[in-house]
Protein chains: 2
Amino acid sequence: MRISELSRRSGVSVTTIKYYLREGLLPPGRQTAATQAEYDDQHLHRLRLIRALTGVRGLSVSTVREVLDALAEHADDTHRLLGVALGSVRVGEKAGQDAPEAAEVAELVEELDWRVHAAAPARAVLAETLSSLRALGVPLDWRTLLPYARLAERTAVLDLDQLDGLDDPLETAERALLLTVLLEPALMALRRMAQENESARRHLP
Amino acid sequence: MRISELSRRSGVSVTTIKYYLREGLLPPGRQTAATQAEYDDQHLHRLRLIRALTGVRGLSVSTVREVLDALAEHADDTHRLLGVALGSVRVGEKAGQDAPEAAEVAELVEELDWRVHAAAPARAVLAETLSSLRALGVPLDWRTLLPYARLAERTAVLDLDQLDGLDDPLETAERALLLTVLLEPALMALRRMAQENESARRHLP
DNA sequence: AGTGTTGGATACCTCTACTGTCTAACACGG
DNA sequence: CCGTGTTAGACAGTAGAGGTATCCAACACT
């Protein structure tokens, strides 16, 4: 198919598709002539993927590029992918300086007996969160996070279960990415609703 | 204290503080003369709050304003606050059209027996997520989300527990906000680490 | 009186994510 | 083979967000 059909089928404007091509988010089509190129279903799929990551999850174009690159590079190693590709998506976006709370996070990981890379960006996110909340007068230490971590453990089991039974490593890698990244807003939405429900149970007749 | 001291103590530049004043994120100081105003610890606290919401969580300035306004307005009613203030923070940011998956979300809520407002933005987030994932070939229905929802339920209990024993309703409201919003990146970070650990357990020696 | 700091207003800047325009090369019906 | 429409690729332009810089007159401190 040509670019205009790709545009019609994906709902993304031709100019925006060209922009994604320029930015390297979308691989170029197969050139059939000097001013003509062919696109296929892979391009359509990739385009939907890009829109889901930028739209639903709100990732920036450059982050999407990093994630997609990591996906292509480490598709043969699902475990590495979960570390590398997903590590590149900073949960709180953009990096900050490392807080002195890093040691506390290490203590938490130790207590949980988790095998987590020492340089995992998620550690920094936790440290920053602890630091900010304390500066705002909320007394919170790693012990408070422990029960949350136990629930996260069980969430992760659910996540990994959904990758079982897939043969193609590339498909597995992509699904891992989708479940991790796109499910985040959904999980937070569930938490909000659960809070509302719990709050109603406690405070309402 | 004057603006320069506020700047020094908060680590936020004078020009940025002026910008927040202009944008209505920070209430004006007490005027002592035509070109002089006094700021106090409340301003310092508010400034830290703003930086935490924009920095750690990545909220936009306009969203922060909405949240802070809702906080001031409904501080006397913690339950409403959880609905109103937190509802204004779209989990996936910016609104999207409502997907046909809305009915499915309703089914999920029914099955869970949750008391959740029919217009809760979180519902739309769930519907959109289901819709996007399906378009990308991931078979996912509301039954898949059920176990996640059960874990969310328990997370919410932990959240609400931390608001117990606070007397001042305004303090309760603010803490509710902080725990809901600032803990989000932390919970997602825990999930990432738990996934890495679980993946290691399954795939590594 | 002199030096430096404020508040308030306004102009300007940088980055992101697109969008528009242009050109030359095609495709295709008649 | 002519005319109309589409396309690839290059590049300039735009709108919004989130600040930053500059200016000025009015203080404050010494």
Side-chain angles (χ1 to χ4, degrees), chain A residues 1-40 43 46-47 49-68 89-90 92-96, chain B residues 1-40 43-44 47 49-68 89-90 92-96:
Chain A
M1 79 188 89
R2 297 217 246 284
I3 201 171
S4 60
E5 192 181 343
L6 187 61
S7 166
R8 219 170 353 87
R9 291 224 265 158
S10 64
V12 180
S13 76
V14 172
T15 42
T16 301
I17 293 176
K18 286 182 176 184
Y19 168 64
Y20 289 154
L21 286 166
R22 272 203 306 285
E23 293 297 313
L25 298 195
L26 200 61
R30 189 175 52 82
Q31 287 269 108
T32 60
T35 67
Q36 226 79 19
E38 266 292 299
Y39 302 92
D40 56 27
H43 288 93
R46 172 65 73 104
L47 210 40
L49 186 55
I50 294 168
R51 296 307 280 204
L53 294 175
T54 59
V56 178
R57 181 45 230 271
L59 294 187
S60 72
V61 167
S62 62
T63 305
V64 171
R65 181 178 34 233
E66 281 172 45
V67 170
L68 293 179
V89 184
R90 277 293 310 271
E93 305 303 290
K94 69 183 67 170
Chain B
M1 79 187 90
R2 300 219 243 283
I3 202 171
S4 60
E5 193 181 342
L6 187 61
S7 166
R8 218 167 357 85
R9 291 226 265 158
S10 64
V12 179
S13 77
V14 172
T15 41
T16 302
I17 293 175
K18 287 184 176 183
Y19 168 64
Y20 290 154
L21 286 166
R22 272 201 309 283
E23 294 297 313
L25 297 196
L26 200 60
R30 190 175 50 83
Q31 288 268 110
T32 59
T35 67
Q36 227 77 21
E38 268 291 297
Y39 302 92
D40 55 25
H43 288 93
L44 185 58
L47 211 39
L49 187 55
I50 294 168
R51 296 307 281 205
L53 293 176
T54 58
V56 178
R57 181 44 230 269
L59 294 188
S60 72
V61 167
S62 62
T63 305
V64 171
R65 181 176 37 232
E66 282 173 44
V67 170
L68 293 179
V89 184
R90 277 293 310 271
E93 306 303 292
K94 68 182 66 168

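Within every chain, numbering begins at 1; the chains are lettered A, B, ... in the order of the sequence lines, protein sequences first and strands thereafter.
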With side-chain contact (heavy atoms from CB on, under 4.5 Å) as the criterion, how do B:V61 and B:Y19 come out once you've worked through the C-alpha distance, each side chain's angles and the decisive distance to 0.1 Å? CA-CA 10 Å; B:V61 167; B:Y19 168 64; 4.2 Å; yes

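At least one donor-acceptor pair closer than 3.5 Å links the side chain of A:S7 to the backbone N or O of A:V12. For B:Q31 (side chain) and B:A37 (main-chain N/O), no donor-acceptor pair under 3.5 Å exists by modelled atom type. Side chain of A:R46 to main chain of A:P27: no donor-acceptor pair is present (N/O by atom type, distance under 3.5 Å, no hydrogens or angles). With hydrogens and angles ignored, the 3.5 Å screen pairs a side-chain donor or acceptor of A:R65 with a backbone N or O of A:E23.
Phosphate contact (OP1/OP2 of C:dG7, side-chain N/O of B:Y39, threshold under 4.0 Å): present. Close to C:dG8, at under 4.0 Å from its OP1 or OP2, lies a side-chain N or O of B:Q31.
Computed from coordinates, the A:E38 CD to C:dA27 C1' distance equals 13 Å when rounded to whole Å. One can place CD1 of B:I3 at 16 Å from C1' of C:dG4, the figure rounded to the nearest angstrom. When the P atom of D:dA28 is taken as reference, atom CD of B:E5 falls 16 Å away, rounded to whole Å. C:dT16 atom P lies 17 Å from atom CD1 of A:I50, rounded to whole Å. Straight-line distance from the CZ atom of B:R8 to the C1' atom of C:dT6: 14 Å, rounded to whole Å. For the pair A:R2 CZ and C:dC26 P, the interatomic distance rounds to 13 Å; values are reported in whole Å. Taking atom NE2 of residue A:H43 and atom P of nucleotide D:dT7, one finds them 15 Å apart after rounding to whole Å. Whole-Å rounding puts the A:L59 CG to C:dT16 P distance at 14 Å.
Across all non-hydrogen atoms, the minimal contact from B:Y20 to B:R51 is OH-NH1, 2.9 Å.
For residues 10-21 of chain A, proximity to DNA chain C is found at A:S13, A:T15, A:T16, A:Y19, A:Y20, defined as any non-hydrogen atom under 4.0 angstrom from a strand atom.
Atoms OG1 and CG, on B:T54 and B:L49 in that order, are 9.5 Å from each other to the nearest 0.5 Å.
Considering only the side chain of A:S4, D:dT6 comes nearest among C:dT10, C:dC18, D:dT6. Comparing D:dG18, C:dG7, D:dC27 by their closest approach to the side chain of B:S60 singles out D:dG18.
Side-chain to base pairing of B:R22 with D:dT20: one donor and one acceptor N or O lie within less than 3.5 Å of each other.
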